[in-house]
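Letters A, B, ... mirror the listed sequences (proteins, then strands); counts begin at 1.
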There are 2 protein chains.
Amino acid sequence: MPRVRLQDVAEHAGVSTKTVSNVVNDYPHVTPEMRARVLASIAELGYRPNATARRLATGRTGTLALAVSDVSIPYFAELARTVARQAAARGYRLLLEQTGDSIEAERSMLLGRESGLVDGLIFQPSRLETAELARYTLHAPMVLIGENAAPDSVDNVMIDNVRAARRVTDHLVGLGCRRIGFVGHEAGGISETSRQRLEGLHAALRDAGVPVLPELEIATSAIGAAQAEEAVGAALDAGIEVDGFFCRDDLSALGTLRALRVRGVAVPDDVAVVGWDDVAWAPFVQPTLTSVRPNTERLAQIALDLLEERIAGESGPGRHLIVEHSLVVRESAPASRPR
Amino acid sequence: MPRVRLQDVAEHAGVSTKTVSNVVNDYPHVTPEMRARVLASIAELGYRPNATARRLATGRTGTLALAVSDVSIPYFAELARTVARQAAARGYRLLLEQTGDSIEAERSMLLGRESGLVDGLIFQPSRLETAELARYTLHAPMVLIGENAAPDSVDNVMIDNVRAARRVTDHLVGLGCRRIGFVGHEAGGISETSRQRLEGLHAALRDAGVPVLPELEIATSAIGAAQAEEAVGAALDAGIEVDGFFCRDDLSALGTLRALRVRGVAVPDDVAVVGWDDVAWAPFVQPTLTSVRPNTERLAQIALDLLEERIAGESGPGRHLIVEHSLVVRESAPASRPR
DNA sequence: TTGAAAGCGCTAACAG
DNA sequence: CTGTTAGCGCTTTCAA
C-alpha cells in the first residue's frame, strides 16, 4: 500500500496540483499533452486519490446508509440488494446498518454520534414511533420506508398496507373462508406494520359481513418461521377453528404451512394461507404461496429520488408516496376452490 | 442540520480546541470542571464531530467492506447479517458491495479507484481466479472467504468443501443411492466452489466403488431455484435416471425439490436430495431439507480476527484457515430409508 | 493539564 | 489553460 499523494504526482509530472486534480476529476480545459503527461505519472506512481481528503474538501461522502432491523430477513435482503444496486448506479456506495429490532439501536442510528458519515439515509423503522421520530435533529437527510406512519416533516414511501390487507381478506372471503386467522403480529407490542394489516383485515371483514374474531389472531414472539410454527401449532393443538390464515409476512406463512402440514391439515382445501412480501422462495414451497408483492424496485427508486432531492437541498414538507402492490395468487390460496 | 465545529464549542466554552477534543475522545487528564463545561457547550450547541475530518486526521475510517455477488442470495444475506453484527460489535461500520457475479465488478472493486475508503475488505470472489488476484496491489488489507483457492499471499477462511462434499456423498451412498446426480454448477464456466464440491463427490464415489456418472451432472445458467427447477425438469423429462441429488446449494435444492414434486417423484423414497448452506428455510420446506451447514458465526469471527491483525500491521504470508461444518440430516435425505 | 500551531490530502477561488 | 493559496474540521506534537 504505497502512499502516493496528489502532490507527488504533480511534482513527478512537473505541473501544479490543480492540474493533476483537473485530470483526475475529468475537468475539461486541459490540453491533451498535459493530460497524457499527468496520466503517465499517475500510472507510474500508482496514485489513487484519497477518498477521505476528497470528502473533507467537497463536503460530499458519496455514501448512503440503509437501516433495517436484520438483513437476513428475506424481504430486507431483497430490499438491500435492490437499493445497493440502484445506489451504485447513481454513484453512491451503501453503508448497511442493522438495528436488530431494538429501539435503542434505532435511536442511536438516527442521532448519529458523528456527522458527515453519509450524505443520506434510508430507514425502515420497526419500533420507533412517529412522535419521537419527528423530534430529532437528523445529521443527514432521511427517507423513511415501510408502513410506519411517518411524521409530516419527513419523506416516506410505502405500500398501502390497509388496502393490500383488504385485498388479501377479500380474496380469502371469496374463497369461502369465514373464520380467518391472522398470524405474526408481535406478541410484545404490536408494530405499525402489523397494526395496519390487521386494520385492513377487520375493515374488509366488516364490509363483507363476516364476523371479526380477534381470538383467531395469533401473535408471535418475533418475526420468523420457527416462531410462527410454534404459535400456530399451539393454537391448533388448543382446538382453534379456522378456514384461512392471513400471515403478516412470508416467513410467518412458511411456519404456518409447516404447522398445518405436520398436523395433517390440507392447504388450501381445509385452510387457505396467504403470505406477504412474495419473497424469492414463495413460488417454490409446497404448496406454492399466495402472497402480496410490493414493487420493491419502484420503492427503492422513489426512495432514492426523494433522497437525492433532499441532498440537493430540497427543504419542503415531507412527501408521503405510495408504491403499487399486487396479490400473486398461487396454490396456497388459489383463485377458486372446490367446495 | 446546523453546522457546529469543534472550534465553535471551544469558543463557546472558552477553552482551546485541544481540550474539547480531549473531552470528545474521552482522554484522561481533564479536570472534571473543564469536562463539565465542555459537555454543557456541546449539548447546548448540538455539536457532533465530523467523521470525515476525523478520518483524515487519524488515517482510520472505522469502516470495513463486505463484497459478495448478491446479498439477496440467502447464504450471503445470512453472512452479511453476521458480519455486520460482529463488525459493529468491534466498532466498525460495514460497507456493502455487490459484484453481481461480474468479473469486471470484482476487478474494479479490488482495484478501488480511491484509497482510504475502508480500513479493510472481506471478499467472496465468484469469478476471479487466484493468479489474477495475486497480481493486484490492494488499497486496503483483505481477507478472502469462501472456497476459492486463495493465493499464498492472501488470508483466506473457508470450509473444507471437498471433505464436506465427500460427507454428503457418503450419506447418499449409505442411503443406497447408486446413481447420484449433481445440480447447480455454472453452465458457462464452472466456479471454484462448484469444482471442489464435484471433486468431493467424485472422490467419495470412487472410494465407495460406485461409478462416477458425469451425465448426471446438471449445470444451471445461474444460481437460483428457478434455474435449477428448469434444468432438473428438463433432465427428468429427457429420461435421466437418478436415485439421489447432491445440490450445489439450498436454492438449487429448492428448485430440484419442486421439479421432482411436479413430476410425481417421491422424495426421499424415489430420490434423496441434499442441499448446501442450511439456510433459514431449510427446516420448513416440504420435505425438510438435509443440508451442509457451515459455521457462519465462526467464519465471520475468524475473518474479522485476521483482518484486524492485518489492519494492525501484520505482514506475514497469507493464512489459510478452515472452519468446521456439519451435515444436518432431515427428511429429504434421512439417516436411513426403507428399501 | 491546557494552549498554539502544524498538518492529514484534496478541492476551488482567484489570479495570471 | 495552469499555478498559487487558502481552507475543509479534526488530531496531535510541542510548549507553556
Item to check | Rounded interatomic separation in angstrom, taking CZ from B:R55 and C1' from C:dC10 | outcome: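 Going from CZ in B:R55 over to C1' in C:dC10 covers 16 Å.
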Checklist entry - Quick one: what's the B/S/- string for nucleotides 8-16 of chain D, heavy-atom cutoff under 4.0 Å, read 5' to 3'? => result BBBBBB---
Next on the checklist: For the residue pair A:S72 / B:R81, report whether a side-chain donor-acceptor contact shorter than 3.5 Å exists.
Outcome noted: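 Side chains of B:R81 and A:S72: pair found under 3.5 Å.
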Next on the checklist: Hydrogens and angles aside, do B:R55 and B:T63 bring a side-chain donor and acceptor to less than 3.5 Å of each other?
Outcome noted: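 A donor-acceptor contact under 3.5 Å links the two side chains.
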Checklist entry - Salt bridge check: are B:E97 and A:R93 linked by an N-O gap of less than 4.0 Å? => result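 No salt bridge links B:E97 with A:R93.
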Checklist entry - Is it true that A:D152 and A:R319 have a side-chain N and a carboxylate O under 4.0 angstrom from each other? => result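 A:R319 and A:D152: not salt-bridged.
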Checklist entry - Does the side-chain contact (heavy atoms from CB on, under 4.5 Å) test come out yes or no for A:L121 and A:L138, once each step is laid out? => result CA-CA 10 Å; A:L121 165 67; A:L138 302 169; 5.7 Å; no
